[in-house]
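Remember, it's a predicted structure, so these values are computed and weren't measured experimentally.
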Amino acid sequence: MEEPGRRRGGVRRYRFTEGPAVLALRIPEELDSHYGTYVWPCAVVLAQYLWVHRRSLPGKRVLEVGAGVSLPGVVAAKCGAEVVLSDGEELPRCLQSCRRSCLANSLPHIPVLGLTWGRVSPELLALPPVDIILGSDVFFDPKDFEDILITIYFLLEKNPHAQFWTTYQVRSADWSIEALLCKWKLKSILVPLHSFSADKEHLAGSSLPGRHTIEMMIISLAQSDGT
């Protein structure tokens, strides 16, 4: 019998469970390739958050940014959300990874868009309303941090009640987005991993997130009173 989560033929399997509820997914990967074409530890943690909160997802309008192989977005779609996946318009292999994950999980209808952080493109302007924005490990390179938050600010301004659910890997104590959040009038709330059973080395029957230090936060527009 195959070990759960073991990669075979470029496909990694994930199995989310809670009581009698089970969600089994197949995520195609290209290892030793572009970093957007395989699952990173942060994605499994964000997917776990979605799974634990799956009862709130039916009918929600969800956009995943920097989606790559799109594990969180696929979980959201399987739990009843109306999902749009996106990655850099200059990254065709990442966009193809989004499409492959959808097809592998019988979700051929999910739109896949090219969106470049920091650029107000026609595709960004034409996006339908959203309730939740997802991003796993998008805060990877400090030179991209402000462009990411520019895009998130634009989306939240258009959708003031929306939230950005994001997980990130702690790679340096010197990296912070606090000043940028203040500049773009955004606020964040840290979500403890134990609150959604993600404080483990192995999630969804996989070897991820391992021993990496992962954190999750929810970003939204700061209120007029400065909170």
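Of the possible polar contacts, one joining the R54 side chain to the W51 backbone as a donor-acceptor pair under 3.5 Å is found. Here the side chain of N159 pairs no donor or acceptor atom with the backbone of D131 at under 3.5 angstrom.
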Check your understanding: Yes or no on side chain to side chain contact (heavy atoms under 4.5 Å, CB included) for V84 and V130, after CA distance, side-chain angles and deciding distance?
Key -> CA-CA 9 Å; V84 174; V130 297; over 6 Å; no
**Study point:** Trace of the side chain to side chain contact (heavy atoms under 4.5 Å, CB included) decision for D137 with H212
**Key:** CA-CA 12 Å; D137 217 8; H212 301 288; over 6 Å; no
Practice item. Just do the side chain to side chain contact (heavy atoms under 4.5 Å, CB included) check on F196 and M216 with the steps written out, would you? Key: CA-CA 11 Å; F196 56 102; M216 175 168 177; 3.8 Å; yes
Point to revise | Residue pair S70, E64: steps toward the side chain to side chain donor-acceptor pair (under 3.5 Å) verdict | key: CA-CA 8 Å; S70 312; E64 184 174 4; 4.6 Å; no
Exercise for review: Please lay out, stage by stage, how K78 and L50 fare under the test side chain to side chain contact (heavy atoms under 4.5 Å, CB included).
Suggested key: CA-CA 10 Å; K78 285 292 189 179; L50 291 158; over 6 Å; no
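Side-chain contact between I133 and T166 is absent, with no heavy atoms from C-beta onward closer than 4.5 Å. Residues W175 and F139 fail the side-chain proximity criterion, which asks for heavy atoms closer than 4.5 Å. Counting heavy atoms from C-beta on, the side chains of T151 and L115 never come closer than 4.5 Å. Considering only heavy atoms from C-beta on, S86 comes within 4.5 Å of L63 through its side chain. I177 is listed as a side-chain neighbour of M217, based on a closest heavy-atom distance under 4.5 Å. For the pair I132/L57, a side-chain contact is recorded, criterion being any heavy-atom separation below 4.5 Å from C-beta on. Side-chain contact between E178 and L181: present, with at least one pair of heavy atoms (C-beta onward) separated by less than 4.5 Å. A 4.5 Å side-chain heavy-atom check between L186 and F164 finds every atom pair outside the cut-off.
Checking Q163 against S220 by side-chain atom types alone, no donor-acceptor pair falls below 3.5 Å.
Between the OG1 atom of T37 and the CD atom of Q96 there is a distance of 11.5 Å, given to the nearest 0.5 Å. Note that CD of E215 and SG of C42 are 10.0 Å apart. Values are rounded to the nearest 0.5 Å. Expressed to the nearest 0.5 Å, how far SG of C98 lies from CG of L107 amounts to 12.5 Å. Rounded to the nearest 0.5 angstrom, N105 CG and R26 CZ are separated by 7.5 Å. From R12, atom CZ reaches atom CG of L208 across 5.5 Å, with rounding to the nearest 0.5 Å. Here the OG atom belonging to S206 is positioned 11.0 Å from the CD1 atom belonging to I27, to the nearest 0.5 angstrom.
Ring geometry, Y153 versus W184: the interplanar angle falls from 30° to 60°, so the pair is classed tilted. Between Y49 and H53, the angle of the ring planes lies from 30° to 60°, which puts this pair in the tilted group.
Cluster annotation: Y14 is not connected to L103 through the hydrophobic network of ILVMFWY side chains, with a link wherever side-chain heavy atoms come within less than 4.5 Å. Under a hydrophobic clustering in which Ile, Leu, Val, Met, Phe, Trp and Tyr are joined whenever their side-chain heavy atoms come within less than 4.5 Å, directly or via other members, L190 and I152 fall into the same cluster. Hydrophobic clustering of Ile, Leu, Val, Met, Phe, Trp and Tyr side chains at less than 4.5 Å, counting indirect connections, unites L155 with L125.
Considering every non-hydrogen atom in both C79 and L23, the closest pair reads SG-CD2, 4.5 Å. Across all non-hydrogen atoms, the minimal contact from P192 to S195 is O-OG, 2.6 Å. Scanning all heavy atoms of the two residues, the minimum distance from D87 to A67 falls at OD2-N, 3.4 Å. Heavy-atom minimum distance, L71 versus A47: CG-CB, 3.9 Å. Nearest heavy atom pair, residue G66 against residue V138, reads CA-CG1, 4.5 Å. Listed here is the closest heavy atom pair of I110 and C102: CB-SG, 3.8 Å.
Within 6.0 Å of the NZ atom in K200, the count of heavy atoms belonging to other residues, nucleotides or ligands exceeds 12.
Between F140 and W40, the ring center distance clears the sub-6.0 Å criterion.
Salt-bridge formation is not detected for the pair R119/E90: no Lys NZ or Arg NE/NH1/NH2 atom is positioned less than 4.0 Å from an Asp or Glu carboxylate oxygen.
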